[in-house]
Amino acid sequence: MSVQTKEIYGSRSASSSGTSNDDKWSESLQSVFELVLESQGPERTARLLDRLAEKLRAVAPGTGRGFNTPYVNTIPPEQQAPFPGNREIERRIKSYIRWNAMAMVVKANSTTNVGGHISTYASAATLYEVAFNHFLRGRTEDFPGDLVYFQGHAAPGMYARAFLEGRLDERQLQNFRQELADGGGLSSYPHPYLMPEFWQFPTVSMGLGPILSLYQARFNRYLQARGLVKWKDEPKLWAFIGDGECDEPETLGAITLGARENLDNLIWVINCNLQRLDGPVRGNGKIIQELETVFRGAGWNVIKVIWGTDWDDLLARDKSGLLRKRMEEAVDGDYQKYSVEHGSYTRKHFFGKYPELLELVNHLTDDQIRKLLRGGHDARKMYAAYKMAVEHKGQPTVILAKTVKGYGLGEAGEGRNITHQQKKLNEKELREFRERFNIPISDDVIAETPFFRPSPDSPETKYLLERRKALGGFLPERKVTAPPLDVPKLDYFAEFFKGSTTEASTTMAFVRLARVLLRHKAVGRQIVPIIPDEARTFGLDALFKEIGIYSAKGQLYEPVDSKSLLYYHEAKDGQILEEGITEAGSIASFIAAGTSHATHGVPMIPFYIYYSMFGPQRVGDLFWLAGDIRAKGFLLAATAGRTTLNGEGLQHQDGHSLLHASTIPTLLAYDPAFAYELAVIVAEGLRRMFAEGEEILYYLSLYNENYAMPPMPAGVEDGILKGLYKFKSGPDGKQNKAHIFGSGSIINSALKAQEILAERFDVSADVWSATSYKLLRTDALRCKRWNMLHPAAPQRKSFVETSLAKERGVFVAVSDYMRLVPDQIAPWVPGGLMTLGTDGFGRSDTRARLRRFFEIDAESTVIATLFALAGKGLFAHQLVEKAIRDLGVNPEKVQPQIV
Ligand SMILES: Cc1ncc(C[n+]2csc(CCOP(=O)(O)OP(=O)(O)O)c2C)c(N)n1
Ligand SMILES: [Mg+2]
């Protein structure tokens, strides 16, 4: 043995002197290995070992420690579970669904430009039909149903099936993507907001379905571990995903969670049709092999379904391994070409590369070669894969099914790069489609692409309904069955209304509020605190010990801080979801918890607290989806405010998320200043969402600046909830009148400005707390619109107009958010609104300097008020100029907003 070899392997051979059988085998292999290594060198040895591993996998697919297995089916024919269904009937059902799915799109696009997709479902029909007929279980009394994430672009297939099941009628299909048509239509993609009794999970924004399914699978475990649900069987989660979709970081970015948490309730079916929208997913490589590497590396069970049954015989006769070698060599770009070409092309270019392979397919005609199926189009192969997946224990499973995009479209798009966008078929193409799938539609009507539904007593309809009945009912279906909760009334929060002289931030007030709520008899257990590794930042670490951090494994180690009061306490029934640094994962958990009332009939109340800047700015599409999916819960945007969070600088200081959040139609965006406001808003949120059942979201910014929390003035609850109320009137007997709206911790600038204005400028300024500009604006817009459409009726007045109608003087708003936030209500403020805000990039410095920089401190607020008065001729411009000097503000200072 060479010195180097000894150095590398010496310790291993020293430790391999055991006496068991295993050790003996290991010793003999070791000695051969050492011999080879010494004589052939490490590189050659590695190659030889790889070859041996390949041979091993040929006998026992799926084994071995490498991350890739050969480019063949994971399940060899002899281990394949037999198909229990009636293949002939299932094929006919599938063909009718194919036709109707295609017809919906073609019809809609013959008279409109509403679009739609044919080729995604065309490639996935078998994946869905085998699942629908044999695996996907519907909801029953004591079973919540399997949770299925349908690939968004395959939606026409789901509608077409529901049509055959008698759940949708012809008019609805006719109105695909024409939701505003008479009698209603069908939404383009899965949108629970638009079809609340049909769709459960929005999926069409690539990547969101996959990450939601992961965190939902984990949330199902959480509900069980905490004893909040008791199911006869555990539901499975099925996510149907595109191969192109796997390039989204949201798709693959969280998959290790699945293995870490042993989520064997989760099955992903990736439709590897090798294409995305523009062209091949991996023309020069192999997407299936690439994904296999990723998933095996992440600890998933991987089942590849590459070849249909016709290939079994060829592979069995491939004694030399040459066919396997050829399968490995060809890249996806080649395979795509084989799917569009004649059999003669495949014979020449695929098999023809090696004479032995040509011999192997000598007995097949060109047509037979063309028809050699891919695994994802073969019901028997898919059945066996699904069966193995549902029975697999300890790991999530991913099925990589190879298909052809646009399967069955022939010249109209099968396998072609344009296929994703194909929405029209001419008469010749329609006839070919009909022939290929045997659809009983006659020549004289085919040009109208009529829908076809077999009669209720046909074998197909009977079979289809019987299968769904056996599996518990129809899918997809969304049903809200959660009971209302006996939520705490306002007086439960009495301690927050008294105020306190001890300084505190609204974040601290929230932490206190959470602890009070967690103790509540009716809602305490339903609360789900969700934190992306920021509990200590927000002072929530006190909860670690009290309610525990959920962990499927409990706590297998003694925490370093076990002796401290607030130790890091993980428990199998822990209540906190401590997600680590993943805002996408955390909002996915929020969505799972916030839809539990619909998904499981169990109302859960998520409180997701995070770094405000990394909310909708970071994962806005998931926030948007939270609206679509009709989630409920509280989003707590902590460390809010461009200047209140002062030291962290440009990337952290948030002065705009309120605007992002306000774009979500079902979201109520609040920017509270005081502890009592927080309590009033949370109490109302609990009432509306969990007692009244409204499917809305509450968004509250939380700041980390400490100040004394005042007691609640009488009668302000309504104003707090609607968005504006007078907090502190200015002194009487002053020459001028003004009103300053403040929000969040910046209300303190307004209060200080109030003093300066009274003492030095003879101005009485009332300070108002503006808790929600979004709500004020939507209310004002609603009134304005009503008035426009009912011009002769007595005109309505919005809340903001009514609140300000009797006030005189000028109006100024100051915010730690961009001016656009208060600007939202400017049209309804008498005489206009002068706004101050934090437009521009943040930077690190003291709060005082930052507030001067952004011109939202007390002095700047005074100047703005005086200038507004001057604009009305109530104050001399020269005196404003003097005030600027006296207040020490540099009029030539840098403007924070650059362009
Ligand atoms: C986030 C996002 N980006 C882009 C799109 C537009 N888009 C819709 S489908 C599609 C291609 C999908 O390809 P793949 O995932 O392979 O699905 P297939 O239709 O091939 O089954 C694209 C780019 C989208 N829906 N979502
Ligand atoms: Mg694809």
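Remember, it's 1-based here, ligands and their atoms both numbered in the order they're listed.
- Checked against side-chain contact (heavy atoms from CB on, under 4.5 Å), Glu695 has the following partners two or more places apart in sequence or in another chain: Arg478, Val480, His597, Arg630, Lys632.
- Taking the ring centre of Phe163 as origin, the terminal cationic atom of Arg453 falls inside the region bounded by 6.0 Å and 45° from the ring axis.
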Do any nitrogen or oxygen atoms of ligand 1 lie under 3.5 Å from a protein nitrogen or oxygen, and which ones?
unit_1	atom_1	unit_2	atom_2	d
ligand 1	15 (O)	Gly244	N	3.4
ligand 1	15 (O)	Glu245	N	2.9
ligand 1	16 (O)	Asp243	OD1	2.8
ligand 1	16 (O)	Gly244	N	2.8
ligand 1	16 (O)	Gln275	O	2.9
ligand 1	17 (O)	Gln151	NE2	3.1
ligand 1	19 (O)	Thr120	OG1	2.6
ligand 1	19 (O)	Lys405	NZ	2.7
ligand 1	20 (O)	Asn273	OD1	3.2
ligand 1	20 (O)	Asn273	ND2	2.9
ligand 1	20 (O)	Gln275	O	2.9
ligand 1	20 (O)	Lys405	NZ	2.7
ligand 1	21 (O)	Gln151	NE2	2.8
ligand 1	21 (O)	Asn273	ND2	3.1
ligand 1	25 (N)	Val204	O	3.1
ligand 1	26 (N)	Met206	N	3.1

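- Geometrically, Lys387 does not engage Phe135 in a cation-pi contact, judged by NZ or CZ lying under 6.0 Å from the ring centre and within 45° of the ring axis.
- Look at Glu460 and Arg92 and you find a salt bridge, because one of the NZ, NE, NH1 or NH2 atoms lies within 4.0 Å of a carboxylate O, short of that distance.
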Steps toward ring-ring contact (aromatic ring centres under 6.0 Å, His included) verdict (His153, Tyr189):
CA-CA 7 Å; His153 295 79; Tyr189 300 118; 4.9 Å; yes
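- Among His420, Gln275, Gln422, the one residue that satisfies the side chain to side chain donor-acceptor pair (under 3.5 Å) test with Lys405 is His420.
- A donor-acceptor pair shorter than 3.5 Å can be found between the side chains of Lys402 and Tyr71.
- Counting only residues at least two apart or on different chains, the salt bridge (Lys or Arg N to Asp or Glu O under 4.0 Å) pairs with a member in residues 268-294 are Asp247-Arg282, Arg282-Glu290, Glu292-Lys304.
- For the Mg ion (ligand 2), the count of nearby protein N, O or S atoms, meaning those under 2.8 Å away, is 3.
- Judged by a 6.0 Å distance limit and a 45° cone about the ring axis, Arg618 is not positioned over the six-membered ring of Tyr610.
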